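Residues: numbered from 1 along the sequence shown. What you see is a predicted model, and the numbers here were worked out from it, not measured in a lab.
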Amino acid sequence: MPQDGNDTDLNHRERATLHAVAQGIAEITTGCGTNLFLDGLACADQATAHRLVRQGLIAPARHGDPGQRVPATLTDAGKRALGNTPALAGR
């Protein structure tokens, strides 16, 4: 997946995770051990979460102490990637 956010080949889990972040229900831990939480619960697919962070599609919305949960946000690349994907059914 290119880091410019122009890839439409996101898989279903990646799209769903980006939608959750866009809806404002995601938190991310700061520091070297990045973990994603959705509606307060640990994301069941941390590998996808880590991949989206490494690809520059999601990021912490603000700085925090190491290990602290802060709101997650879509980066500009994440917004572009999400805008290039079909909407999820039922969302």
Side-chain angles (χ1 to χ4, degrees):
M1 178 182 340
Q3 292 184 0
D4 64 5
N6 291 325
D7 188 358
T8 58
D9 292 334
L10 295 172
N11 67 41
H12 179 75
R13 285 186 181 197
E14 292 164 336
R15 286 192 311 271
T17 303
L18 290 178
H19 278 283
V21 173
Q23 291 173 359
I25 64 167
E27 295 176 301
I28 195 167
T29 55
T30 58
C32 62
T34 302
N35 291 304
L36 191 69
F37 296 83
L38 305 173
D39 284 333
L41 301 172
C43 177
D45 188 354
Q46 289 295 334
T48 290
H50 294 171
R51 193 167 43 255
L52 294 173
V53 169
R54 277 193 314 272
Q55 295 296 329
L57 301 178
I58 61 175
R62 61 177 172 81
H63 293 287
D65 292 330
Q68 180 182 5
R69 285 190 202 182
V70 299
T73 189
L74 291 178
T75 64
D76 289 339
K79 291 173 188 172
R80 286 190 303 274
L82 191 56
N84 290 335
T85 62
L88 295 175
R91 293 271 176 176

Over all heavy atoms of both residues, which pair between G56 and A77 is shortest? Give the atoms and the distance, please. O-CB, 3.9 Å

Only counting residues at least two apart or in another chain, list the ones meeting side chain to side chain contact (heavy atoms under 4.5 Å, CB included) with A59. T75

For the atom pair CG (D45) and CD (E14), what is the distance rounded to the nearest 0.5 Å? 8.5 Å

Determine whether a donor-acceptor pair (N or O, by modelled atom type, separation under 3.5 Å) exists between the side chain of R15 and the backbone of L10. yes

Say you draw a straight line from CG of L52 to CG of L57; how long is it, rounded to the nearest 0.5 Å? 5.5 Å

Distance in Å, I58 CD1 paired with L82 CG, rounded so as to fall on 0.5 Å steps: 11.5 Å

Where do T30 and R69 land on the side-chain contact (heavy atoms from CB on, under 4.5 Å) test, with the steps shown first? CA-CA 7 Å; T30 58; R69 285 190 202 182; over 6 Å; no

Flag side-chain contact, heavy atom, 4.5 Å: K79 against T73: no

Side chain of D65, backbone of Q68: donor and acceptor closer than 3.5 Å? no

Give, for atom NE2 of H19 and atom CG of L38, the distance between the pair rounded to the nearest 0.5 Å. 13.5 Å

To the nearest 0.5 Å, how far apart are CZ in R13 and SG in C43? 8.5 Å

Residues in side chain to side chain contact (heavy atoms under 4.5 Å, CB included) contact with A72, at least two apart in sequence or another chain: V21, A26, I28, L36

State yes or no: do V70 and V53 share one hydrophobic cluster built from I, L, V, M, F, W and Y residues joined by side-chain heavy-atom distances below 4.5 Å, directly or via other members? yes

